[in-house]
Amino acid sequence: MDIRHLKYFVAVYEQGSVSAASRQCFVAQPSLSAAIRQLEQQLNVTLFLRQPKGVTPTEDGERLYGHACRLLGQFQALQRSFTEPVDKIRFRLGLIRALGVERMSDLLRQFSLQLPGLELQLVEPDDPCDARIISPELLKSGEQFQPMYHDHFQLALPAGHPLALKQQIHLQDFSGLALIKRTPCEAWQKLYPELVRQGIKPDIRADIHTIEYALGLVSAGVACALVPDFEQLQQRQDLVLRPIAITGLERRIGLAYSPVQASGLALETLLRLCQKLAVP
C-alpha cells in the first residue's frame, strides 16, 4: 500500500471533493482518482459514493480514515525523528472570524509544511502580530494588502425549507423569516438597513458570532442564516444555499502585512501561498 495513496484518500475525505483534493495535493485529478481506485481494489471495498457535487465516504471509508490518520501521523513522526533539529521560527498571525475552517486549515497546513520549525500562533487581528488575514476595510496605515478570497454571501436554508424551491431570494422573502443574526457580518451590515428602509422585519431567532454555530442551527432547522459561499457548503446535504437579489453582499479577504517585514522567510512563504489563492 502506497503512503501517497493514503494521503490522497485523507485529502478527498476532508475536502469532500476529488477536484478540491487534487488542488490541495498538487496532483492531477485523474491521477488522484486512479490512486483512490487502486486503494479500493487493494482493500476490496468502496471508499466513497460519488455524488453530483463531491463525494461521501462509505462506512468502510469512515473506518479507513481513522487508520489512515494514525498511520500518516506515525510516518511523519518517523521522518522527523531522523531529521536534524531546525531553528524555531515564531510567527504570529492575526485572523478575523468566519474565514472558513476548511480553507484556512489547508492554508496553514501548507504554511507549516513549507517551514520546518515553524511555531505558529493565531491571535485576534488587533493583537500584535507579524501579518493579518482581514478584509480591506480593516487595513492600517502603512500596511500592504495581498488579495486572497472573494466571497459572495448567500442565504443558508434548512433542507426542505419552502424557500429552497426558489432559485433566488428577494427582500420580501425576509418578512417574518426565522433568521440567525451573526455579528460581525459584512452581509448583515448591508442587508439590514435595506430591510429597515422597506419596512421588512425578519424573525431574529439568535444572535451569534461564528459561522459554524450558525450552520449548526440551520442544519437543525431552527432558522436561516447569511453565510459566505464556501465551496464545502455547496456539497452539504443538510442545507441549501440560495443567492439573494441585492447587490453588494460580498467581501474580499487578503493578507495584510508591513513592507518592512516582507523580507522575513516566514512572511515570504505565507505571501507566496496567498498569491496562489488570489482571485482575479
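Counting non-hydrogen atoms of other residues, nucleotides and ligands closer than 6.0 Å to NZ of Lys140 gives a total above 12. Within a 6.0 Å sphere centred on CZ of Arg63, other residues, nucleotides and ligands contribute 12 heavy atoms or fewer. The environment of OH in Tyr192 is sparse: at most 12 heavy-atom neighbours from other residues, nucleotides or ligands sit within 6.0 Å.
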Might you work through the side-chain contact (heavy atoms from CB on, under 4.5 Å) test for Glu14 and Tyr65, ending with a clear yes or no? CA-CA 9 Å; Glu14 293 179 347; Tyr65 178 71; 2.7 Å; yes

Using side-chain contact (heavy atoms from CB on, under 4.5 Å), reason through Cys129 and Phe91 one step at a time and then give a plain yes or no. CA-CA 8 Å; Cys129 54; Phe91 193 85; over 6 Å; no

Applying side-chain contact (heavy atoms from CB on, under 4.5 Å), run through Leu255 and Phe145 and close with a yes or a no. CA-CA 6 Å; Leu255 181 71; Phe145 187 77; over 6 Å; no

Given Phe230 and Ile211, is the side-chain contact (heavy atoms from CB on, under 4.5 Å) satisfied, shown in steps? CA-CA 11 Å; Phe230 298 145; Ile211 285 182; 3.9 Å; yes

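When all heavy atoms of Pro259 and Gly142 are compared, the closest pair comes out as CD-O, 3.2 Å. Smallest separation of non-hydrogen atoms from Leu217 and Ala206: CD1-CB, 4.1 Å. Annotation for Leu115 and Ala266: closest pair CD1-CA, 3.5 Å, computed over non-hydrogen atoms. Between Tyr8 and Ala35, the closest heavy-atom pair is CD1-CB, 3.6 Å. Contact record, Gly16 with Gln235: O-OE1, 3.0 Å, taken as the closest heavy-atom pair. Of all heavy-atom pairs between Ser17 and Val55, the closest is N-CG2, 4.1 Å.
A distance of 10.5 Å separates CD of Glu124 from CD1 of Ile96, quoted to the nearest 0.5 Å. Put simply, CD on Glu119 and NZ on Lys88 are 5.0 Å apart, with the number rounded to the nearest 0.5 Å. Here the CG atom belonging to Asp173 is positioned 10.0 Å from the CD1 atom belonging to Ile244, to the nearest 0.5 angstrom. In this structure, CG on Leu64 lies 6.0 Å from CG on Leu43, to the nearest 0.5 angstrom. Distance check: Met104 CE to Leu122 CG gives 7.5 Å after rounding to the nearest 0.5 Å. Here the straight-line distance linking atom CG of Leu267 with atom OG1 of Thr269 works out to 8.5 Å at 0.5 Å rounding.
When only modelled atom types and interatomic distance are considered, Gln24 and Gln15 share a side-chain donor-acceptor pair under 3.5 Å. Side chain to side chain, Gln121 and Arg92 meet the donor-acceptor criterion of an N or O pair below 3.5 Å.
Between Phe48 and Phe9, the distance from one ring center to the other falls under 6.0 angstrom.
For the side-chain hydrogen bond (donor to acceptor under 3.5 Å, both in side chains) test, residues two or more places apart in sequence or in another chain that qualify with Ser135 are Glu137. By the salt bridge (charged side-chain N to carboxylate O under 4.0 Å, His left out) test, Arg37 is found to be paired with no residue, residues two or more places apart in sequence or in another chain being considered. Looking at residues two or more places apart in sequence or on another chain, you find no salt bridge (charged side-chain N to carboxylate O under 4.0 Å, His left out) involving Glu102. With sequence neighbours excluded, the residues satisfying side chain to side chain contact (heavy atoms under 4.5 Å, CB included) with Lys181 are Thr183, Trp188, Ile204, Asp207. By the salt bridge (charged side-chain N to carboxylate O under 4.0 Å, His left out) test, Asp229 pairs with no residue at all, sequence neighbours left out.
With hydrogens and angles disregarded, no donor-acceptor distance shorter than 3.5 Å links the side chain of Arg251 to the backbone of His152. No donor-acceptor distance shorter than 3.5 angstrom exists from the side chain of Asn44 to the backbone of Gln41, with no hydrogens or angles considered. Under the 3.5 Å distance criterion, the side-chain polar atoms of Ser219 are left unmatched by any main-chain donor or acceptor of Leu215. The backbone N or O of Val27 sits nowhere less than 3.5 Å from a side-chain atom of Ser31 that would complete a donor-acceptor pair. Under the 3.5 Å distance criterion, the side-chain polar atoms of Arg242 are left unmatched by any main-chain donor or acceptor of Leu163.
At a threshold of 4.5 Å between non-hydrogen side-chain atoms, the residues Leu273 and Gln114 count as touching. Side chains of His150 and Glu250 form a contact here, defined as non-hydrogen atoms less than 4.5 Å apart. Using a 4.5 Å cut-off on side-chain heavy atoms (C-beta onward), Ser19 and Arg23 make contact. Counting only heavy atoms from C-beta outward, the side chains of Gln154 and Leu249 never approach each other to under 4.5 Å. Side-chain contact between Leu226 and Ile180 is absent, with no heavy-atom pair separated by less than 4.5 Å. Looking at Ser175 and Lys201, their side chains never come closer than 4.5 Å, going by heavy atoms from C-beta outward. Put simply, the side chain of Leu270 does not reach to within 4.5 Å of the side chain of Tyr257, judged on heavy atoms. Ile134 is not listed as a side-chain neighbour of Ile253, based on a closest heavy-atom distance of 4.5 Å or more.
By the 4.0 Å N-to-carboxylate-O rule, Arg50 lies close enough to Glu40 to be salt-bridged with it. Using a 4.0 Å cut-off between charged side-chain N and carboxylate O, Arg132 and Glu143 make a salt bridge. In summary, Arg109 and Asp106 engage in a salt bridge, as defined by a charged side-chain N under 4.0 Å from a carboxylate O. Taking 4.0 Å as the cut-off between side-chain N and carboxylate O, Asp2 and Lys7 do not count as a salt-bridged pair.
If you chain together ILVMFWY residues whose side-chain heavy atoms come under 4.5 Å of each other, Phe26 ends up in a group of its own.
Linking ILVMFWY side-chain heavy atoms closer than 4.5 Å, directly or via other members, places Val196 and Leu179 in a single hydrophobic cluster. Leu72 and Leu113 are not part of a single hydrophobic cluster, where members link through side-chain heavy atoms under 4.5 Å apart. Hydrophobic cluster membership is shared by Leu191 and Leu157, with clusters built from Ile, Leu, Val, Met, Phe, Trp and Tyr side chains linked at under 4.5 angstrom. Val101 and Ile208 end up in different hydrophobic clusters when Ile, Leu, Val, Met, Phe, Trp and Tyr side chains are linked at under 4.5 Å. Cluster membership check: Leu108 does not share its hydrophobic cluster with Val123, using side-chain heavy-atom separations under 4.5 Å among Ile, Leu, Val, Met, Phe, Trp and Tyr.
Stacking of Arg252 on the aromatic ring of Tyr149 is not recorded, the 6.0 Å distance cut-off and the 45° axial limit not both being met.
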